[in-house]
Number of protein chains: 2
Amino acid sequence: MTLTEEEGAMSRPTIVDVARAAGVSRATAARVLAGATNVDPAMAAAVGREAARLGYETNFAARVLRGGRAGAIGLVIAFDELGGLSGTFFTAVMKGAAKGLSAGEVQPVLLPADHEDLDRIPRFLRSGAIDGAIVVLQHEITHLVDRLADSPVPIAWVGRPRGEIGPDPIVIDSDNYGGGVLAARALVEHGRRNIGIITGPLDMEQARERTRGWTDELARHGIEPGPIVHGDFTLDSGTAAMARLLQRVPTLDGVFACSDLMAAGAMRVLQAAGRRVPTDVSLVGFDDILLAAANDPPLTTVRQPLEEMGRAAADTLLGAIRGDDVERVQVLPTSLVHRESL
Amino acid sequence: MTLTEEEGAMSRPTIVDVARAAGVSRATAARVLAGATNVDPAMAAAVGREAARLGYETNFAARVLRGGRAGAIGLVIAFDELGGLSGTFFTAVMKGAAKGLSAGEVQPVLLPADHEDLDRIPRFLRSGAIDGAIVVLQHEITHLVDRLADSPVPIAWVGRPRGEIGPDPIVIDSDNYGGGVLAARALVEHGRRNIGIITGPLDMEQARERTRGWTDELARHGIEPGPIVHGDFTLDSGTAAMARLLQRVPTLDGVFACSDLMAAGAMRVLQAAGRRVPTDVSLVGFDDILLAAANDPPLTTVRQPLEEMGRAAADTLLGAIRGDDVERVQVLPTSLVHRESL
DNA sequence: CTGAAAGCGCTTACAG
DNA sequence: CTGAAAGCGCTTACAG
């Protein structure tokens, strides 16, 4: 037996089948199914009964074609994110977003963005299969930003993209500048003076803002900012960056790593070099992903409310689609989580 | 400006717009766009040019309603999987599947399965938004299996589900029995005699098969199987299970944990109890996820070819949808990866 | 080789 | 309150 035959055998009932079984017109059946109240109760009951009996389910394509909602929202995710241990930043955001969408009776649909076919995601957004999308800015995905600028479907950005993203975008961000300030202040108040920073790629607004907050706060304390090295937020890049930092400033006594993954990588290098954390060198991370608490020693870090950010992105996007008057730009607060690396 | 107005302004061109611009009929435009060759070259060129100029994209809903393919395949994933560090088993399968789907010009669409709304996924499969689904069996998802049995859309299972899943299902599995044999043999040949097993939940075929292979192989060597304790494949459950095992058999010198995560949890308990791995106790895991190599000491483990399994699921599903004659049940080999925990 | 027409399943404006 | 009808955008069997 081929699959095609199987599918044919299971062909789905339409609203016409329901209407016929209930002895009413197609229009009446549609009204009942749409929840209209101005329908004869007996008819309504019959329609409800027959729909349940037949296992009727509204045809997705027909509803969308008619001009309705697809009832699905895309969540764009870097394909590479799928392969490694580093999925935790994205997954926290994802979790919040999925909760918000589920609460709104909307199916969350994750869309892995492929390096090799940059046009697949924009094409999918144009196809009408989803009502909108949430894009979590990650380094691997920056090249997608421009291509999504003229999306026919509304997009909620988590993190503030650089460059053109159309008029009046929905942006959910955290206070990166304030986070940089918190990290610098914590290190300074701990008596650290030879402080370096491992920041992210220059083409990401998050990295620039964190660095700016850190530099400004150091200046306020009359401290010369130490060397700045760059990673790409991954653990391996933190390892490499820490090695460079140590080479340039052997007397280093404090490091601000702009992601927990980079902080974890940095810590390995410090330990391998015989520096004790936090006795010899204090280390502050950023994000507060699960790894931060699981690390040994547990990481002091600047917390971004990732799950809340995902939730806010979902709620704001759904509101905008409904036509509600929503707060299109939201900056959620960051905070310092004290653990043992400082 | 409200969002609705924005959307209206960007309304998409239809095939009628393309046909009119190219000065041909709708039918001819459709033929060109579908890649038909028996069309006047001048007309074909005009259609191609105008479609590109207008940024035409086939309307998803209309194509599906007409009876065509949605061009998307769902990948069902346990919602909880999104939150933690344990995403690696699923993500490896996912990665392979996404590659296979992309190669087949199909959009992979991840569907998080929610505990609280068990009907959302089946409903989505019934809606016609996707052409098929890949379901990776995980403990948190077992309750979904029955509800997906009468899916109108073909499903490829990764892992063999227990219970009813319709006639002639597509099942991509690994040789769990053989993997259990490999683990037992490795421990025995290393001179271990007081061997315990931390297996998975009894309602999962994988756990039963691994245990069966392990028991049979021990019997072949004339060794009485040690105590069997159960976890649910997570790290925390491995911790708890190891504590119980140690309590029951203080002289334990070997452990087979049926997932790398449980092995990692078990190792922590062993080390906390002052047992050195592998000097005092040998430990063999299962899966060969990234964590296995990253663990300290690196984990000797039974490898499942997770990415290949995902790829096979995608290729087989797409073949079945196309109507090809495919190998509907595939069991991929497991192998022992020697590292340092044995 | 090309075009006019039917129909996929749904919802809603319109007529009664 | 209810039903007949139009139309969303597409593809393909049919007629020329």
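None of these values were measured; they are calculated from a predicted model. Residue numbering restarts at 1 for every chain, and letters A, B, ... go by the order of the sequence lines.
Taking every heavy atom of residues 36-50 of chain B and every atom of DNA chain D, no pair lies under 4.0 Å. Of the residues in residues 27-35 of chain B, B:A27, B:A30, B:R31 come within less than 4.0 Å of DNA chain D through at least one heavy atom, sorted by number. Using a 4.0 Å cutoff on non-hydrogen atoms, no part of residues 52-60 of chain A comes near DNA chain D.
The two residues A:V18 and A:E50 come nearest to each other via the heavy atoms O-CB, 4.2 Å. Residue B:A92 comes nearest to B:L306 through the heavy atom pair CB-CB, 3.7 Å, listed as atom of the first residue, atom of the second, then distance. For A:I170 against A:A320, the heavy-atom pair with the smallest separation is CD1-CB, 3.9 Å.
Here the CG atom belonging to B:N59 is positioned 13.0 Å from the CZ atom belonging to A:R126, to the nearest 0.5 angstrom. A:D17 contributes atom CG, which lies 6.5 Å from atom CG of A:L54 (distance to the nearest 0.5 angstrom). Between atom CD1 of residue A:I121 and atom CG of residue A:L111 there is a gap of 4.5 Å, rounded to the nearest 0.5 Å. Atoms OG and CD1, from B:S151 and B:I130 in turn, are 8.0 Å apart once rounded to the nearest 0.5 Å.
Scanning for salt bridge (Lys or Arg N to Asp or Glu O under 4.0 Å) contacts around B:R49 gives an empty result, with sequence neighbours left out.
Using a cut-off of 4.0 Å between Lys/Arg side-chain N and Asp/Glu carboxylate O, A:D119 and A:R147 are scored as salt-bridged. We find that B:D203 and B:R162 are not joined by a salt bridge, their nearest charged nitrogen and carboxylate oxygen being 4.0 Å or further apart. For B:K99 and B:E307, the salt-bridge test passes: some basic side-chain N is under 4.0 Å from an acidic carboxylate O. Taking the charged nitrogens against the carboxylate oxygens, A:R311 and A:E308 have no contact shorter than 4.0 Å, which rules out a salt bridge.
With a 3.5 Å limit on both pairing distances and Watson-Crick or G-U wobble geometry required, the stems of 3 or more pairs in DNA chain D span C:1-3 with D:14-16, C:5-12 with D:5-12, C:14-16 with D:1-3.
Comparing A:R26 and B:R26 by the nucleotide of DNA chain C whose heavy atom lies nearest to each, the residue mapping closer to the 5' end is B:R26.
Nucleotides D:dG16 and D:dT12, compared at atom C1', are 16 Å apart to the nearest Å.
Donor-acceptor pairing under 3.5 Å is lacking for the side chains of B:E57 and A:S127. The closest side-chain donor-acceptor pair between B:E327 and B:T316, if any, does not fall under 3.5 angstrom.
In the 5' to 3' direction, nucleotides of DNA chain D lying under 4.0 Å from heavy atoms of chain A begin and end at D:dC1 to D:dG9.
Proximity of a side-chain donor or acceptor of A:T28 to a complementary backbone N or O of A:V24 within less than 3.5 Å is not detected.
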